[in-house]
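A short write-up of the structure that comes next.
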Amino acid sequence: MKSPIIALIGNPNAGKSSLFNQLTGLRQKTGNFPGVTVDKKSGTWPLDTHTSATVVDLPGVYSIYPKSLDEQVVTDILANPAHPDYPTVAIVVVDASNLHRNLLLFTQVADLGVPAVLALNMLDVAHKQGKEVNAVRLAMRLGIPIVRINARTGEGLDKLKQAVLGQMNEPVLPTGLFFDPADGAAELITETRKDYALNSNYLALQYLIQHDGFSFLNHSQRVGLDTLIDRHGFSEQTFQADETITRYKRIAPIVAEAVTEQHAADAPTWSQRLDRFLLHPVWGYAIFTFVLLLIFQAIFAWAQPFMDGIDTGVAWLNGQLKASLPAGPLTDLLTDGVMAGIGGVLVFIPQIAFLFLLIALLEESGYMARVMVIMDRIMRKFGLNGRSVVPLISGVACAVPAIMATRSIGTRRDRLITILVTPLMSCAARLPIYTILIALVVPDRRILGLFNLQGLALMSLYLLGLVSAVASAAVLKLFLRTKETSFFIMELPTFKLPRWNHVALTVWESVRSFVWEAGRVILAISIVLWVLASYGPGDSIERAETRAREQSITLTGDALQNRIASERLEASYAGQFGHFIEPAIRPLGYDWKIGIALLSSFAAREVFVGTMSTIYSIGGGDGEDDGGVTIRERLRQERNPATGGPMYTPALAWSLLVFYVFAMMCMSTLAATQRETKSWKWPAVQLGYMMALAYLAAFATYQLMK
Amino acid sequence: MSKRSVADLKIGERATIQSFNNQLMSLKLLEMGCLPGAEVCLHSKAPLGDPICLKVGGYCLAMRKSEASTMLIEN
């Protein structure tokens, strides 16, 4: 037997996700709803000894009429009983402190004919506001089972389980519709029900109003519905407005009967008093700037000791391996190829963990919503939206989840612009590149006794990314014209203490997926690169070695080994590849070695450092004593064959830094853009404009600083 | 004199919503509890005076001034 599906439905901030975590614990996974890329969180919930249900967490919505892409999923499932995720029973999670608005959604779900259980949550919040909810009376008036729960502590879950089992075995449905569309459009509804074999009046109304968004209807079905609408002179918007007003009118007496209010909650709550401060013209921005600085501080300063630890740990392990394993190509592959690649991945972990930790805390506490409010006015000027702030900030971690987060932006154009510019925010994968190059050319010194110069350099790169993202948005706004009006209507959730298990889960998920997803790519490319750098066409490598020995008879020991190794690298496949593209990158100040790194990082920029490690561990001599030398040292020692000075001059390093600020070097991001825009045009535009920016900016930087 | 709208409220001022002048926007606002006859209170404004935050139906709703101006209030 197919396991029953339990859908969690509710308003945003009603406690749906908390309940989901309580029910499924660690037995959950993230996938996609069929046909769309909206994240689907599902998990198993053992109901009794022989039944285990699949719980699906649906996106939070205020009504069955979607206002953005992720909300569309809810309607798509509930209006289509043939959908694989169509629930056996729906648990509607309701915030008891705001019953009117929460019951609006509930009555719509019930009218669609889905067997439902109402989970009455946040009774403690209601109690603090002086409201007491009589669940028995509410259940009688609504005609379905109601369970009092506390999703944060897990109270009432056993009763919830009993109620769900009851609804599965013998569904109790409300006796009538809360809103019967036949009251206003009887003939049209009857005809639609007959033509499309629908078993509910309200479902028929959904077909009429929403058929353009229903992916499960085919073209002729949609045309048929349009014809019906025209023939009956049906006005969807007027009807929908009437529906909402009628529902609220029905709900008002039900709530009045079930809720007793001790005193009007007129005194501003501490959450509102906090808002006066957080939305203040001066303090609001000051606090936001401070929070951003804190995030950077965490990523750069607090994560540093952990990163150094991982860095030296890997270098030490590599040295041990080299010393204990017999010398040979296999050992070289393991140490210079695999270990160098893995080290490049692991060293990111502390920064990614800190970043996701802080973003999760901001979201959980409710502060992120305030940031959207104070930023909306500014963002609007650039064709963005207050809601663009979350993707842009998340973009500092990784553009892929950031681009997926744009689904909450209801306006098509605002969303598209946000998607296109988000990858300009410097993501975590750029960090190691920044860190290494800055450490090479910026002195580790404090100015004014407070600011670390390297930290300032890093921050300026992030600012460069931010400024260019906003500027690009302004340019895109000129090209993308639209008739659609942009809107920004959002509930400000009350401030809450973060749920630590949620935060921990988010951090764990992001670190795990980074290590696993990015790690596999980096590892594979490192190995391929090592092979390409160690072998060449025909006997070119041997000839290069002979030539090196003949030309440098005066050299001995390490110097000779270095010379031989770099000649060998130059003769290898990778070296020839690098030479091939050298003319194109020469104006930016790059040589063929950097060319190899650029090419290999084309699919994923985080590969750059791994490639540099591989190239320079091969090219930098294989002396037994250098096992513990880090990549940073190798780069510092690298000489420019033309000048004899250091290869990594400030001009070259800054040119590379600027290049990586702009360059669209991430296949995953392009794939995400393609999925989210459902077109190849936008990823192509994204790749084109960002690469052009990167090349021009790096060119200008190098030529000016040279 | 043209009708006042929610966008004209001062901080702390209360008003009752009378009607809407934009149907498409009204659909979104109605769902969020901004009903004709409902009392709203301007609770705070974002820096630069826009968006604004309203208290309606016991919770806090943020919206742009342009959206608030579609809700007309009784004088």
Side-chain angles (χ1 to χ4, degrees), chain A residues 13 61-65 67 95 97-101 104-105 126 129 131 235-238 240-241 243-245 247-249 252 265-266 268-269 271-272 275-285 369-370 372-378 380 386 410 485-494, chain B residues 5-74:
Chain A
N13 311 308
V61 292
Y62 292 102
S63 90
I64 206 79
Y65 299 101
K67 273 165 288 300
D95 173 359
S97 71
N98 194 343
L99 267 182
H100 288 95
R101 202 195 61 209
L104 175 76
L105 174 67
Q129 296 178 0
K131 294 178 195 162
S235 161
E236 293 112 303
Q237 286 188 10
T238 317
Q240 191 187 329
E243 176 192 336
T244 309
I245 293 173
R247 281 187 191 277
Y248 269 115
K249 276 190 190 148
D266 246 6
T269 60
S271 182
Q272 284 167 351
D275 269 341
R276 297 247 159 94
F277 198 53
L278 293 177
L279 303 176
H280 187 273
V282 178
W283 293 119
Y285 289 122
R370 275 71 188 178
M372 293 183 203
V373 171
I374 64 171
M375 294 305 287
D376 180 67
R377 180 66 194 277
I378 300 168
R380 219 183 308 166
T485 36
S486 159
F487 73 95
F488 179 80
I489 302 176
M490 193 182 65
E491 178 184 358
L492 277 187
T494 48
Chain B
S5 74
V6 172
D8 302 321
L9 293 177
K10 293 179 188 64
I11 287 186
E13 195 182 344
R14 288 163 193 284
T16 306
I17 302 173
Q18 197 174 40
S19 58
F20 295 92
N21 65 11
N22 178 322
Q23 190 166 47
L24 194 66
M25 206 51 83
S26 78
L27 293 179
K28 301 185 173 97
L29 293 166
L30 283 170
E31 282 176 359
M32 305 298 283
C34 299
L35 302 160
E39 193 189 64
V40 295
C41 171
L42 182 65
H43 145 58
S44 51
K45 290 181 174 182
L48 309 173
D50 187 13
I52 59 173
C53 303
L54 299 172
K55 262 206 87 171
V56 57
Y59 77 104
C60 193
L61 191 61
M63 68 180 72
R64 290 179 181 167
K65 264 188 133 164
S66 57
E67 286 140 8
S69 68
T70 67
M71 293 189 277
L72 305 178
I73 53 177
E74 283 159 7

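Every chain is numbered from 1 and lettered A, B, ... according to where its sequence line falls, protein lines coming before strand lines.
Only the side chain of A:Y285 comes within contact range of chain B, with at least one heavy atom under 4.5 Å from a heavy atom of that chain. Interface remark: A:I378 contributes side-chain atoms only to the contact with chain B (heavy atom separation under 4.5 Å). Contact of B:I52 with chain A is not made at all, since no heavy-atom distance falls under 4.5 Å. Only the side chain of B:L35 comes within less than 4.5 Å of a heavy atom in chain A; its backbone stays farther off. Both the backbone and the side chain of A:T238 come within less than 4.5 Å of a heavy atom of chain B. A:L104 touches chain B through its side chain: at least one heavy atom from C-beta onward sits under 4.5 Å away, while N, CA, C and O do not.
Distance check, rounded to the nearest 0.5 Å: CD of A:E236 to OH of A:Y65 gives 10.0 Å. With values rounded to the nearest 0.5 angstrom, B:C53 atom SG is found 8.0 Å from A:R370 atom CZ.
Of the listed residues (A:M490, A:R380, A:H280, A:M375), the one with the most heavy-atom contacts under 4.5 Å to chain B is A:R380.
Against chain A, the residues from residues 57-65 of chain B that qualify, each with a non-hydrogen atom under 4.5 angstrom away, are B:G57, B:Y59, B:C60, B:L61, B:A62, B:M63, B:R64 in number order.
Partners of A:F277 under the ring pair (Phe, Tyr, Trp, His ring centres under 6.0 Å) rule, at least two apart in sequence or in another chain, are A:W283. Applying the side chain to side chain contact (heavy atoms under 4.5 Å, CB included) test to A:K67 and every residue at least two apart in sequence or in another chain returns A:S63, A:E71, A:F487, B:K28, B:E31. Every side chain to side chain contact (heavy atoms under 4.5 Å, CB included) that A:P281 has, sequence neighbours left out, goes to B:P47.
For the pairing with B:V6, the side chain to side chain contact (heavy atoms under 4.5 Å, CB included) check across B:M71, B:E67, B:E13 returns one residue only, B:M71.
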| request: Could you walk me through whether B:I17 and B:L29 pass side-chain contact (heavy atoms from CB on, under 4.5 Å), step by step? | output: CA-CA 11 Å; B:I17 302 173; B:L29 293 166; over 6 Å; no

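The backbone N or O of A:Q240 sits less than 3.5 Å from a side-chain atom of A:T244, completing a donor-acceptor pair. A:D376 places no side-chain N or O within donor-acceptor distance of the main-chain N or O of A:V373, the cut-off being under 3.5 Å.
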